[in-house]
Amino acid sequence: MRRYNPQQLEPKWQKVWRDSDLYKVDMSRTADKYYIIPMLPYPSGDLHVGHWYNFAPTDTLARFNRMLGRNVLSTIGFDSFGLPAENAAIKRGIQPAQWTYSNIKTMMAQIDQIGASYDWSHTLTTSDPEYYRWNQWLFLQLYKHKLAYRAKSLVNWCPKDQTVLANEQVVGEKNVCERCGTPVVQKDMEQWFFKITDYADRLLDDLEQVDWPTKVKTMQANWIGKSQGALIKFKVKDSDTSIEVFTTRPDTLFGATYMVLAPEHPLVKQLATSEQKSKVADYVRETERKTELERKEGEKDKTGVFTGAYAINPANKEELPVWIADFVLAQYGSGAVFADACDERDFEFAKKFGIPLKPTVIPEDEIEAQKVKDLEYAYTGEGVLINSGKYDGMSTSEAREKIVADLAKDKIAKEQTNYKLRDWLISRQRYWGTPIPIVYCDDCSIVPVPESQLPVALPEDVTFELNSRSPLAAREDFVNTKCPNCKKPAKRETDTMDTFVCSSWYFLRYLDNHNNRAPFDNAIINKWAPLDHYIGGIEHAILHLLYARFVTKFLHDHHGLDFDEPFKKLTNQGLILGPDGQKMSKSRGNVVSPDEQVTSYGADSLRLYLMFMGPYEQGGPYSMGGIAGTRRFLERVWTLVNEFADAKQVAMADTEAVEIAVATHKTIKKVTKDLETLGFNTAIATLMSFVNELYKIKVKQGLSRTWSWKQSLETLVQLLAPFAPHISEELWAELGHENSVHISSWPLWDENLVKEEMLTLAVQVNGKVRAEIVVEADITEHAAIEAAKSDERIVKLIAGKHVKKTIYVPGRLVSLVT
RNA sequence: GCCGGGAUGGCGAAAUUGGUAGACGCACUAGGUUUAGGACCUAGCGGAGCAAUCUGUGGAGGUUCGAGUCCUCUUCCCGGCACCA
């Protein structure tokens, strides 16, 4: 018998598949199309186990669906713009393009080792001009519809990476840069934004339509942060100005005893009275000095100063002192709040500064209500109104509407919805990205580059100077151009786009990646998109997935896409940890190299192990012993098939034939069901059990070469094919097939064979299992109970006792209660 | 603080959704086999006990003939958000 040698047979089959274009998709066949891809990888230079964990199971699903007869398209590409290329270039004195494309070459070879069924004719690399010109096209479409705009505002600046960042790219408690972990600072700059906020409601509502993990949906919903309330105008005493306030609790308006503005609020200077002016100015200066982080740290200890001004409560005409405090955020709502006893922060602030409070909402519970009246704590829940004039006795929910409606008559209030979502800041002060296709002309101001002049090419030979502006800004030949409008000398925009623009629509370009007249042909896109299944890490829960949804919705509205959600189904694979249970990192020395695992065990063993180690969405520590186990399993499969192929003709008894058929069909059913629900680990466990069973039969019966045995082996190989494609292909050929197992039809099970003829029932007495009885599957309830009662052990246990109750669960158990 | 997810043998995990807890794999033990092996085959393997049996799914209660699964309370772990008015 030949030895199982994955190092030899895996590359062999990879070459056969490639040379025969086995996975080439007929794009014209769309009725049963199935489009499944892993998230676009960044070409960091080395494929790690996490990539394998993303790509291999995705490929298993692609292969499973292909065998089910669907026209499966799966491919992969590279998200190749971005900062690491620049850092590497500076460090090594080479061009970012050179570093990037050499990494891609290495990674392509590594990806080949996985044995995935990609149609490589659909691949793309986002740093190619053929791709990024369409990023520029997208920018121009957004600009045309006033959804790309330039504005000056406070933005997040990463001092290390020397660029601004989108809100989504600032993470963690300490507001750090998502890439490098440096705390960001606020800077006032003029930048390009995409108006994602126009889509806030749809981005929220349409989450209901998609089959995504609830966790991701919740995270997106929280990020969008919709809250409904009212905008209420407060007149400033002895002045023409008024202060607008956003509140979700207009029902508490009568309880307002003071107001607070953010220190950055535009009215602050104007409101401060002469005697308070210097204190206010000091406080504002102090706030400006504080970093975002220091402000957050001050959460527990609230600070603020009185402006000297008073506002009039429109509800009861009471005068409210106006304060400024940094717990009120300038960016949210209108940067001003009215404060009352129904809010913990307001309550705390009032106590600290000796501002009076007035309870206006009390809970149902009388004891609690008394405590609230005595101002023992801030009651923030729903309840009944007091101290609120004609609204007394009303429920909070009713009062919320009535008060706004009444004030609306005098145009003092109106209903308002607020979002936490901010517009997407896409400018980056970096070189290695898509140039923003904009020209600045002294006469014509901001001029978009005409579509016919795309791409605005990124020069690929640049010089980096330490701590200087982007190399693009230093390139005179790039910067100096002619105004497309008036033809006078003008300057190009030197910022590039956020790389998340690249990844926001690449899955559409995959489908029509050679199109040089348009980003894609709608006729193709509308047949093949949206994706049937998208698989990637949870780290993109907000960033990439939100942007891709936004861009898809935009293209739906303005470019004729039939669909407005890009990913029908989403799965997040878990995180693979080092063998020590810690996150893999070079400094910890716990990095498992997939290349080494492939060398020692083979790609099939690695694929199988990754899918067998636990639930796919859970991840977990990598175990060296675990992969040895899946390799052993493949060896056993190898042995079974090869022994069969080598065996002399021997007949097998009919009883074994039935036994084998039953085991086979049960296995088909279970593996099929498991694959449908992404239960890779249990599917593989089922295959292992099946192999164990075949071994037992083999030992009992001796080596056989019969029709039913061959059928079982063929089925086994087919069921294994999506998981371990190379060995399956080899064994399929060994069993005499000329065509690839990967385009064979997925086995079907016969429900009659899956049904047991005899089954084992548990017999419980008073809830405890006391015996097992073997009965015919179609046994009646009466017969089952009689059989249970006549079991030797049960007879002893119930002797002399009265059986009060009998429960029969078909196929499971008989329970007797005495 | 708020919102998710979780806790099952020495380890990774299963459990038809209220019905025989621990499938499958790792590790381990014994036997066989092999020139040898960390290879292969067979068997055993939650804990206690010679055994019958008892006990066991983070903890405490509850519902039920029956609870890993449902309810109440609680501890711990992981993830996300966090002064959002």
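Per chain, numbering begins at 1; letters A, B, ... match sequence-line order.
Protein atom CG of A/Asn572 is 16 Å distant from nucleotide atom C1' of B/G6, rounded to whole Å. As a whole-Å value, the separation of A/Phe349 CZ from B/C83 P is 16 Å. The nearest whole Å value for the distance from the NZ atom in A/Lys226 to the P atom in B/A85 is 14 Å. B/A85 atom C1' lies 11 Å from atom OH of A/Tyr258, rounded to whole Å. Rounded to an integer number of Å, the gap from NZ of A/Lys768 to C1' of B/G56 is 12 Å. Between A/Gln764 atom CD and B/A21 atom C1' the separation is 13 Å, expressed in whole Å. The CD-P distance, from A/Glu617 to B/G12, rounds to 20 Å in whole Å. Atom pair A/Lys420:NZ and B/C3:P shows a separation of 13 Å (rounding to whole Å applied).
Side-chain atoms of A/Tyr4 and A/Val637, non-hydrogen and from C-beta on, never get closer than 4.5 Å to each other. Counting only heavy atoms from C-beta outward, the side chains of A/Glu318 and A/Lys358 approach each other to under 4.5 Å. Within the 4.5 Å cutoff, no side-chain heavy atoms of A/Leu203 are placed close to those of A/Trp223. Contact check for A/Asp343 versus A/Asp340: side-chain heavy atoms found under the 4.5 Å cut-off. Counting heavy atoms from C-beta on, the side chains of A/Lys215 and A/Met219 come closer than 4.5 Å.
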Write down the protein N/O and nucleotide N/O pairs, taken from nucleotides 75-80 of chain B, whose separation is under 3.5 Å; answer none if there are no such pairs.
residue	atom	partner	partner atom	Å
B/G79	O2'	A/Lys215	NZ	3.0

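The gap from the P atom of B/G68 to that of B/C76 amounts to 25 Å, rounded to the nearest Å. Spacing between B/C3 and B/G66 at atom C1', rounded to whole Å, works out to 35 Å. B/U8 and B/A60: their P atoms are spaced 16 Å apart (whole Å). Remark: the separation of the P atoms in B/A82 and B/U20 is 45 Å, to the nearest Å. Comparing the C1' positions of B/C24 and B/A15 gives a spacing of 12 Å, expressed to the nearest Å. Remark: the separation of the C1' atoms in B/G46 and B/G37 is 32 Å, to the nearest Å. Spacing between B/G9 and B/C45 at atom C1', rounded to whole Å, works out to 10 Å. B/A23 and B/A43 are spaced 15 Å apart, taking the P atom of each and rounding to whole Å.
Against the 90° criterion about 0, the sugar-base torsion of B/G9 places it in the syn range. Glycosidic conformation of B/U34: anti, with the torsion beyond 90° of 0.
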Treat a base pair as Watson-Crick or G-U wobble with both distances under 3.5 Å, then lay out RNA chain B in dot-bracket form, 5' to 3', with | for cross-strand pairs.
(((((((..(((......[....))).(((((.......))))).(((....)))..(((((..]....))))))))))))....
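Comparing B/C3, B/A21, B/A14 by their nearest atom to the side chain of A/Val769 picks out B/A21. Closest approach to the A/Pro615 side chain among B/C3, B/C83, B/A13 is made by B/A13 (side chain taken as heavy atoms from C-beta onward). For A/Ser227, taking side-chain heavy atoms from C-beta onward, the closest of the listed nucleotides B/C65, B/U55, B/A85 is B/A85.
Contact detail for A/Glu382 and A/Ser397: the closest heavy-atom pair is OE1-N, 4.0 Å.
A donor and an acceptor atom, one from each side chain of A/Ser388 and A/Thr360, are nowhere located under 3.5 Å apart. Judged purely by distance below 3.5 Å, without hydrogens or angles, the side chains of A/Thr303 and A/Tyr283 pair a donor atom with an acceptor atom. Counted by atom type alone, A/Arg422 and A/Gln331 present zero donor-acceptor pairs between their side chains at under 3.5 Å.
Applying the 6.0 Å contact sphere to CD of A/Glu401 captures no more than 12 heavy atoms from other residues, nucleotides or ligands. Within 6.0 Å of the NZ atom in A/Lys583, the count of heavy atoms belonging to other residues, nucleotides or ligands does not exceed 12.
Counting distance only, with no hydrogens placed and no angle test, the side-chain atoms of A/Lys302 and the base atoms of B/C83 include a donor-acceptor pair under 3.5 Å. A donor-acceptor contact under 3.5 Å is not formed by the side chain of A/Gln618 with the base of B/G6.
Of the two residues contacting RNA chain B, namely A/Arg793 and A/Val765, the nearest-nucleotide position lying further toward the 5' end is that of A/Arg793. Comparing A/Val170 and A/Gly619 by the nucleotide of RNA chain B whose heavy atom lies nearest to each, the residue mapping closer to the 5' end is A/Gly619.
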Base versus backbone protein contacts along nucleotides 23-47 of chain B [heavy-atom cut-off under 4.0 Å; B, S, -]:
BBSSS-----------SSSS-----
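For A/Tyr609 and A/Tyr622, the distance between ring centers is under 6.0 angstrom.
An OP1 or OP2 oxygen of B/C54 is reached within less than 4.0 angstrom by a side-chain nitrogen or oxygen of A/Arg770.
Judged by distance alone, with hydrogens and angles left aside, the side-chain atoms of A/Tyr332 form no donor-acceptor pair with the main-chain N or O of A/Asn418 at under 3.5 Å. In terms of modelled atom types and a separation under 3.5 Å, the side chain of A/Asp674 and the main chain of A/Phe680 share no donor-acceptor contact.
Note on A/Asn766: only backbone sugar-phosphate atoms sit closer than 4.0 angstrom, heavy atoms only; bases stay farther off. Within the 4.0 angstrom heavy-atom criterion, no nucleotide atom of any strand lies near A/Arg3.
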